[in-house]
Amino acid sequence: MAVTSPTQDRSIEPLRQNATYIDLPLANGTPAGAEAFVAAGGLSASTAVLREAPAQSPEIVDPEIPGMGQALDKAREALLALHRPDGYWVGELQGDSILESEYLLLKFILSQENEPALPKIAKYLRSLQQADGGWSLFPGGPSDLSGTVKGYFALKLMGDDPEAPHMQSARELVRRLGGAEKCNSFTRFYLAALGQISYDACPTIPPEIVLLPNWIYFNLYTVSAWTRTMILPLGIVSALRPVRALNDSQGIRELFRATSVLSTLGEEREGLPRSWREIFLLIDQSLKWYEKTAATPLRRRALREAERWLLEHMDGSEGLGAIFPPMVYILIVLRALGYPEDHPRVIQAHQHLRDLFIEEGDTIRIQPCLSPVWDTGIALHALAEAGLEPGSDVAQRTTQWLLDKECRVASDWRINCPDVEPSGWFFEFANPHYPDVDDTAMVAMALRRCGGPVAEAATKRGVNWLLAMQNDDGGWAAFDRTRHRPLLEHIPFADHNAMQDPSCPDITGRVLECLGHHGYTTKHEAVRRAIKFLHGRQEVEGCWFGRWGVNYVYGTWQVLTGLRAVGEKMEHRYVRRGAEWLRGCQKPDGSWGETCESYDDPTLKGRGASTPSQTAWGAMGLMAVAGTNSDDDPAIRKAIEWLVQHQREDGNWDEKFYTGTGFPRVFYLKYHLYRLYFPLTALARFKRLAGR
C-alpha cells in the first residue's frame, strides 16, 4: 500500500519490502559479515546493502488491527504539519513552577520588579499551586519544599496578601515540611540575595575552583557540564555576596521554624558516614573563614578568570549553558561585577531568557530551554520509520538544517577527550560549547536513514566522536567522557542530585542503536564493552534505569532496541528478562505508564498513569526482541490497539503527565512532541515488521 502525503513536497514511499536481511558495512566500509534484521530499526533501503530474499509482494501487508493504517496516516500528517519552513521541529518543553518563581525572584534581586511581563508570570504560577498549598515537581507529585518556598516568596513580592487562603495554605505546608531553613542549596542563594538569610547559610563555592588543575580529584571538568555552568556563577556570587534589601513586610521570616537560619549543611545527607559528614562540614567552615579574608591576589585572579570563562561560554550560545538556571545566575553575576544595564552582554542575557517565554492570553509560562535539535532528530527518525524518502523535500530541508548545527569547534568536552575530530550535535538552537552524546546519536541515526550522500561525511564524524566519548566502564554519559566519582555527590552544594554525568544505560542503548545503523555489530570492541556495561547495570527485576526519561520503561526500551540494532542475540537470558519485565508491567488494556516517583520509590518501577509515549516505548522494547514475530505477539498488538484507540481526531495524542527527566528526584520535563513522534514510530515499526 503506497502511502503519500496530500502535497507533492511531502511525498512518502514505503521502504522496499523484497529484502529480509542486510549486510551492515562497518564505518570504514568493510562488510561486517553479520546477518542482522532490518527489523526494529535497521537501515533504510536507500542506505543498506541489500541481500535479496525470495520474491514476495512489494506491498505492505496491513496487520489485522482495525484503524491502524488510518491512525498511522493521521499521525504522520500531524507531525509533517509541524515541520517549520527552515527545516526543523520544536515542541514546547515544560518544567515545573520554579521556572516562574525563580524568574520573579531574579527580577526583584535586580530591582526590575516593574517589568510588564511579571503579573502574567505570577498568574501562571498561581495556577500551578496544588490543593495542599504547595507546588510540585510534576503533575500529580507531592509538594516540594524548596519549590513551595520560592512560589510563596515570589507571590508575596508580587503583592499577594500573606493572609489570603492560598498563601496561608502554602505557609502552613512549608512549616509542616520543616521550614524554609530546610531548602536546598540553590534556593538558599536566592534567599541570601534577597536578604532573608546570611550567605553563611549557603554552601561556600569559591571561584578559585576555576583555577584548579585537571589532575586533582575535584576540578571544574570532573563535574557535569550543567553543574559547571551553575556553580561558577554561584562562585562569584558567593565571593561578592550581592544583596537586594527588602522591607520587613516583603520578607518571609514566617516560613522559618528555627530561631537561627545559619548553615546546617551536610546534616541530612542520607547514607553519608559521620566521618565524611564531619569532613565536609569542616571543609565548608574552613572555606567560610577563607571567604572573610579573601581579598587577596589569588581571589582577584580567580574572579577575573571566572568572568573570562563565563563570557567565553556565552559566545555563540543562546545563553550560558543554554539552560535556565545559569541563564538566571549570569545576570546576577553581571550586576555584581558592575556591568551596566545597557551593556550588550546584559541586554543579550535578558533577551535569551525572554526567548523562553510562552504567552497565552494573560499568562506567561517559561521553558527551561529550547529543544529543536532533539525534536528534529527524533521526528526525522520517526518519519524514516514511516517510509520518508531521502529525496523528499522534507528530508532534504531537515538534513540541511541538521548539518548546519554540527559542532565543528571543540570546547569543554575536549578536556577529557582530546584525540578526536570535533563533531556532535547539541540540544538547542545554539549551544556549541555543549554537544551531547544523546543528541549526536539521534541525529546521526536519523541522517543515516534520510540524509542521503550529502550527510555521509558528517555522520561519519559524529560516529567517530561518539566512539571517542565512550567511558572506561564501556558506557556513555551525556556531555563528557568521564568516570564516576561518588564522593563528589556529597559536596555541600551537590544537592541538585546531578553533580556528575556518569555512564547511563539509556544513552548507552541509544548509542548502540546508532552504531547498528552505521554497520557496527557485536564484533566491534566498543560494542562488546558497551554490552558488558549494560549486563552490569541491569536491575534485579530485569529492567534498566532511565536517566533522561521516565524511567525504567524508558531505559529498558532503549537498551533492548540498541542490543537488537548491533545484532545481539535476542535469545540471551538477560535480554529475555528485560522483555519479560516490560510484559509484567504492561496494563491489561495494553498500555504502559510510569510515574516520576519511581526515582524515589523503587516499588513504583513501571507503575503509573498510562501515557502514549511510554506505551510506545514499551511496545518498541518488545518489538526489538520479537522482531518479525511482533505481529504474533499479543502484548505488542494490544499496545498498538491502545495507541489507535486513544488517538485524537487531529492525529495527535493527549499526554498530561511528565515522561522526561532533567535531574532525577529534582527536576522533570514534559516534551510536548513525545506524545506524537514516539507513537508514530511505534505504529510505523509494527506495520513494517508485520509486512515482512
Side-chain angles (χ1 to χ4, degrees), residues 94-109 113 117-197 201 246-261 264 268 360-366 495 595-597 600-601 608-609 656-658 665-668 670:
Q94 189 173 353
D96 64 56
S97 64
I98 67 168
L99 299 164
E100 288 74 33
S101 60
E102 289 184 1
Y103 187 85
L104 293 173
L105 295 177
L106 166 70
K107 288 298 173 175
F108 278 86
I109 292 171
E113 56 264 38
L118 299 195
K120 293 185 176 184
I121 295 172
K123 183 169 184 178
Y124 181 71
L125 177 61
R126 292 185 196 97
S127 74
L128 298 177
Q129 189 175 18
Q130 302 199 120
D132 66 357
W135 281 266
S136 65
L137 301 178
F138 53 89
S143 290
D144 175 69
L145 173 61
S146 295
T148 301
V149 168
K150 286 182 282 195
Y152 177 95
F153 194 10
L155 292 181
K156 187 174 183 182
L157 290 174
M158 288 298 296
D160 286 27
D161 184 350
E163 298 309 314
H166 71 288
M167 297 292 279
Q168 288 189 47
S169 62
R171 182 168 63 249
E172 291 166 2
L173 178 70
V174 168
R175 294 184 64 83
R176 284 200 306 272
L177 294 177
E181 59 266 39
K182 300 292 186 181
C183 284
N184 61 32
S185 297
F186 294 111
T187 300
R188 291 183 181 211
F189 278 99
Y190 281 99
L191 301 184
L194 287 165
Q196 301 308 294
I197 61 174
L246 300 175
N247 60 53
D248 290 343
S249 65
Q250 293 176 300
I252 55 168
R253 188 64 189 85
E254 65 271 21
L255 297 186
F256 292 90
R257 293 181 59 181
T259 56
S260 171
V261 294
T264 55
E268 298 87 22
E360 285 187 353
D362 57 356
T363 67
I364 291 176
R365 59 186 182 273
I366 303 174
D495 57 359
T595 173
C596 301
E597 291 181 273
D600 295 282
D601 183 355
K656 174 183 177 182
F657 297 98
Y658 286 26
R665 305 177 67 186
V666 175
F667 189 71
Y668 299 98
K670 179 181 178 180

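One-based numbering along the sequence shown. Since we're looking at a predicted model, the values are computed, not measured.
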Quick one, Phe153 with Leu255, criterion side-chain contact (heavy atoms from CB on, under 4.5 Å). Give me CA distance, side-chain angles, the key distance, then yes/no. CA-CA 9 Å; Phe153 194 10; Leu255 297 186; 5.5 Å; no

Steps toward side-chain contact (heavy atoms from CB on, under 4.5 Å) verdict (Leu137, Val666): CA-CA 7 Å; Leu137 301 178; Val666 175; 5.6 Å; no

When rounded to the nearest 0.5 angstrom, what distance separates [atom1] in [X] from [atom2] in [Y]?
X	Y	atom1	atom2	value
Leu99	Tyr124	CG	OH	9.0 Å
Lys107	Ile121	NZ	CD1	8.5 Å
Leu177	Asp144	CG	CG	8.5 Å

Keeping the roles fixed (side chain from [X], backbone from [Y]), state whether a donor-acceptor pair exists under 3.5 Å.
X	Y	answer
Gln250	Asn247	yes
Gln196	Gly251	no
Glu100	Ile366	yes
Ser146	Asn184	yes

If you take all heavy atoms of [X] and [Y], which pair is closest and at what distance?
X	Y	result
Glu597	Pro142	OE2-CD, 3.8 Å
Pro139	Phe657	O-CD2, 3.8 Å
Ile364	Ala117	CD1-CB, 3.7 Å
Leu145	Cys183	CD2-N, 4.1 Å
Ser169	His166	OG-O, 3.0 Å
Phe108	Leu157	CZ-O, 3.2 Å

Sequence neighbours left out, what passes salt bridge (charged side-chain N to carboxylate O under 4.0 Å, His left out) with [X]? Give chain and number order.
X	value
Lys670	none
Asp362	Lys123
Glu102	Lys150
Glu113	Arg244

I'd like to check the ring pair (Phe, Tyr, Trp, His ring centres under 6.0 Å) partners of [X]; sequence neighbours left out, ordered by chain and number.
X	answer
Tyr190	Tyr329
Tyr103	Phe357
Tyr152	none

Walk me through it: do Arg257 and Lys182 pass the test side-chain contact (heavy atoms from CB on, under 4.5 Å)? CA-CA 10 Å; Arg257 293 181 59 181; Lys182 300 292 186 181; over 6 Å; no

List the residues meeting side chain to side chain contact (heavy atoms under 4.5 Å, CB included) with Ser97, not counting sequence neighbours, and say none if there are none. Leu125, Leu128, Trp135

Listed by chain and number, what are the side chain to side chain contact (heavy atoms under 4.5 Å, CB included) partners of Asp248, not counting sequence neighbours? none

Any chance the rings of Tyr658 and Phe138 have centres within less than 6.0 Å? no

Only pairs at least two apart or in different chains count here, so list each salt bridge (charged side-chain N to carboxylate O under 4.0 Å, His left out) that has a residue in residues 165-179. Glu163-Arg171

Is there any salt bridge (charged side-chain N to carboxylate O under 4.0 Å, His left out) pair reaching into residues 130-143, and which pairs are they, with sequence neighbours excluded? none

Test item: Tyr668 and Asp96 side chains (from C-beta on) under 4.5 Å apart, heavy atoms: no

Flag side-chain contact, heavy atom, 4.5 Å: Glu254 against Met167: no

Who passes side-chain hydrogen bond (donor to acceptor under 3.5 Å, both in side chains) against Gln130, sequence neighbours left out? Ser136, Ser143

Check step by step if side-chain contact (heavy atoms from CB on, under 4.5 Å) holds for Leu191 and Ile252. CA-CA 9 Å; Leu191 301 184; Ile252 55 168; 3.8 Å; yes

